[in-house]
A.B. asks: 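Quick one: the structure is below, and I'll ask about it shortly.
All ligand and atom numbering here is 1-based and tracks the order in the structure. Position 1 is the first residue of the sequence, and the numbers go up from there.
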Amino acid sequence: MSRNLKENYYNVKNKIEEAEKASKYKKDVTLIAVSKTKPVSDIQEVYDLGQRDFGENKVQELLQKYDELPKDIRWHLIGHLQTNKVKQVIGKTYLIHSVDSLHLASVISAEAVKKNITVDILVQVNISEDENKYGVSNEDVIQLIKDISILPNINIKGLMTIGKNTENRHEIQQYFADLFKLSIDIKALNIDNVCMNFLSMGMSSDYDLAILEGSNMIRIGTGIFGDRNYL
Ligand SMILES: *Cc1c(COP(=O)(O)O)cnc(C)c1O
């Protein structure tokens, strides 16, 4: 992957536009630039191209970048959130994508009450029932949403999933279609404090398929910033 962030960024933007046109759902897709492991200088470069939504998967890294970068960035926490980190991060996120238990939601709610703010979240669903993934199971998702919906100062804005890790593109697409259908079913329940405005699905390798199946929020790391080096 090239180090030319500008070229990468516009390539992704063009591919999103093509997928939006090809999709029967005709959604406006929000691009989240996933900057985990990348330096603030890279983020600033993409910010200067007009990008405002950035995603991080670790609380510590998000907080550090939050302090150093412009305050109009919308920070998305996309990785697993431990309850002992909730206190530090809430109030700094635009959206938390990874809520998958009532316990975590209760801790977020309690901290939000203390700070007198409202926290917007997505419920992460393990739609492909992959045992290595976080996310609530398909079986439990509706009950979890009902339980979270009665907690104060926390609003469910939609669903998130991570595409199945397989070479089979058709299978990946099928699971995205399943999550879309699930979001429609949940919307039809008209639960108080629950809306299904956001469907966060699609990453560098599969966002075209996700948009075809109704995603309106995609999380792109490698496709913009290039490969990540984990130490
Ligand atoms: C890292 C990450 C992404 C971005 O992955 P790429 O394949 O680099 O686009 C998206 N979503 C989550 C939850 C991630 O952790």
A.B. asks: Does the side chain of Asp72 come under 3.5 Å of the side chain of Tyr47 through a donor N or O and an acceptor N or O?
C.D. replies: yes

A.B. asks: Rounded at 0.5 Å granularity, tell me how far CD1 in Ile218 sits from CG in Leu209.
C.D. replies: 11.5 Å

A.B. asks: So, using ring pair (Phe, Tyr, Trp, His ring centres under 6.0 Å) as the criterion, who are the partners of Phe180 when residues are at least two apart?
C.D. replies: Tyr25

A.B. asks: Is there a donor-acceptor contact under 3.5 Å linking the side chains of Gln124 and Tyr134?
C.D. replies: no

A.B. asks: Taking ring pair (Phe, Tyr, Trp, His ring centres under 6.0 Å) as the test, write out the residues that go with His97, two or more places apart.
C.D. replies: His76

A.B. asks: Which N/O atoms of ligand 1 sit under 3.5 Å from a protein N/O, and at what distances?
C.D. replies:
residue, atom, partner, partner atom, Å
ligand 1, 8 (O), Thr222, N, 2.8
ligand 1, 8 (O), Thr222, OG1, 2.5
ligand 1, 8 (O), Arg228, NH1, 2.8
ligand 1, 8 (O), Arg228, NH2, 3.1
ligand 1, 9 (O), Ser204, N, 3.0
ligand 1, 9 (O), Ser204, OG, 2.5
ligand 1, 9 (O), Gly221, N, 2.8
ligand 1, 11 (N), Arg219, NE, 2.8
ligand 1, 15 (O), Lys36, NZ, 2.7

A.B. asks: Can you pull out every ring-ring contact (aromatic ring centres under 6.0 Å, His included) where at least one residue sits in residues 150-169? Sequence neighbours excluded, please.
C.D. replies: none

